[in-house]
Number of protein chains: 2
Amino acid sequence: MATKRAQMMEETRAKLIRAARQAFATKGYAAASMDDITAEAGLTRGALYHNFGGKKGLLQAVVDQIDQEMVTRMLAAQARAASRWDGLLEEGVAYIEMALEPEVQRIMLLDGPAVLGDPSQWPNQNACLQRTAQTIQALIDEGTVKPLDAEAAARLINGAALNAALWIAAADEPRAVLAKAVEAFRQLATGLLKPKGDAG
Amino acid sequence: MATKRAQMMEETRAKLIRAARQAFATKGYAAASMDDITAEAGLTRGALYHNFGGKKGLLQAVVDQIDQEMVTRMLAAQARAASRWDGLLEEGVAYIEMALEPEVQRIMLLDGPAVLGDPSQWPNQNACLQRTAQTIQALIDEGTVKPLDAEAAARLINGAALNAALWIAAADEPRAVLAKAVEAFRQLATGLLKPKGDAG
DNA sequence: GCTGACACATACGTGCTGTATGTCAATACA
DNA sequence: TGTATTGACATACAGCACGTATGTGTCAGC
């Protein structure tokens, strides 16, 4: 195998990402020290700088990993839905529920945008958002949704879900608030629907 | 006058907030050093710690000030509208437009939540959000809007506007994107409207 | 088996934050 | 009016974290 070194390197990257994910989620990006992270991974800052170029690079790697996981879950949620429209709603609800997890909230919704800038500008191009935009475009094409800019609608829908999630997570009784938020989300989303019998 | 010292203190607070606002907006919270800020204000870190307790306290003060300004502008936007429903839409549009300003974006939308936590937990209680919630509650009471949780709807609407703004600000042609976003926002918001002839 | 390259470790300098202490002016009081 | 005390602010210091520059051991190629 000509890949022994490459394999080792993948392993160290994985260990660093794992430790960083833990530290960023619990302490936040600013308060998480690179010495602690690398020590937790059984390494030193040398490995970190070699593999990720710096602290921001490590955060980027963590963000990319979580983003991928979120897309997977959104696809699963959509696949369970009866119709494409229901699929969009389920995606949104799945997004809200994922954002309840402290890890997602802290890293993806708070520190990520603050440190790396606007999510839509991330190298990964924010796969979650693209998923939603594609679904909305399909709904426009099939005539279910009003003919408006798919990306704009996706941003608004995702933004609504995002803020709902932040609200829920900070609430005293997350479960009760979740129900209210999901209900409001479903109602709000109907604004995108084309009125019945419209010429289109 | 027993207020000479108090007056001086207000002046120093104002100077520090002004300098901090400038620095936070241009360089971001993390990259803005307290030495630079206080020097710009013609003071030292001693004054800063005495008046605001630390860097986070200073950010909080800046956030509160901007929050107040935003409420003022939202009230003005609502006042110009013909109906209460239009007022809600105009508030949203005003919010989007304000979020185009780098100062608002960087401080209120990125660094603020990341450093101080969820906006709804801020001491000031996020006046912008409360405004929107009040307006929606009034619309529910008058029968224009479906009977749902006003706070939930406000969070979703504000979140949608917020993300639209982040998107616009990062776009190559902000003006063109603004038009698309505002249109999508207006359409989305109709999801809150009660269907005509509904019993309510 | 030797050499070059690469992955990672170690050491050091710099800058920033927070605190502890000092100083001077303004108020209160006699 | 003179003095004591409070409080606003300045200064000095310690600790920590980041980034870089340099060193070291191990793996592929000839």
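First the proteins, then the strands, lettered A, B, ... as listed; each starts at 1.
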B/Leu43 CG to D/dT11 C1', straight-line distance once rounded to whole Å: 14 Å

Below 4.0 Å: OP1/OP2 of D/dC9 and any side-chain N or O of B/Asn51: yes

Closest to side chain of A/Lys55, choosing from C/dT17, D/dC18, C/dA9: D/dC18

Donor-acceptor under 3.5 Å (A/Lys146 side chain, A/Gly191 main chain): yes

Protein-nucleotide distance (A/Met34, atom CE; C/dA9, atom P), rounded to Å: 13 Å

Carboxylate-amine/guanidinium contact A/Arg84 A/Glu142, below 4.0 Å: yes

B/Asp141 and B/Gln137 side chains, donor-acceptor separation under 3.5 Å: yes

Sugar-phosphate, base or nothing in reach of A/Ala31, heavy atoms under 4.0 Å: nothing

Euclidean distance, atom CD of residue A/Glu10 to atom P of C/dA7 [Å, nearest integer]: 11 Å

Partner of A/Glu183 under side chain to side chain donor-acceptor pair (under 3.5 Å), chosen from A/Arg186, A/Lys180, A/Gln187: A/Gln187

Separation of C/dA9 P from A/Asp35 CG (nearest whole Å): 12 Å

Residue met sooner reading DNA chain D from 5', once A/Ala30 and B/Gly46 are mapped to nucleotides: B/Gly46

Sugar-phosphate, base or nothing in reach of A/Thr44, heavy atoms under 4.0 Å: base

Rounded distance (Å) that lies between atom C1' of D/dG7 and atom CE of B/Met9: 9 Å

Out of C/dT17, D/dA10, C/dA9, whichever nucleotide has its closest atom nearest the side chain of A/Ala47: C/dA9

Rounded interatomic separation in angstrom, taking CE from B/Met8 and C1' from C/dC24: 13 Å

Atom-pair distance (CG on A/Leu48; C1' on D/dT20), nearest Å: 14 Å

Residue B/Lys56 excluded, over 12 heavy atoms near NZ under 6.0 Å: no

Rounded distance (Å) that lies between atom C1' of D/dG19 and atom NE2 of A/His50: 16 Å

Phosphate-side-chain proximity, A/Thr12 and C/dC8, N/O vs OP1/OP2 below 4.0 Å: yes

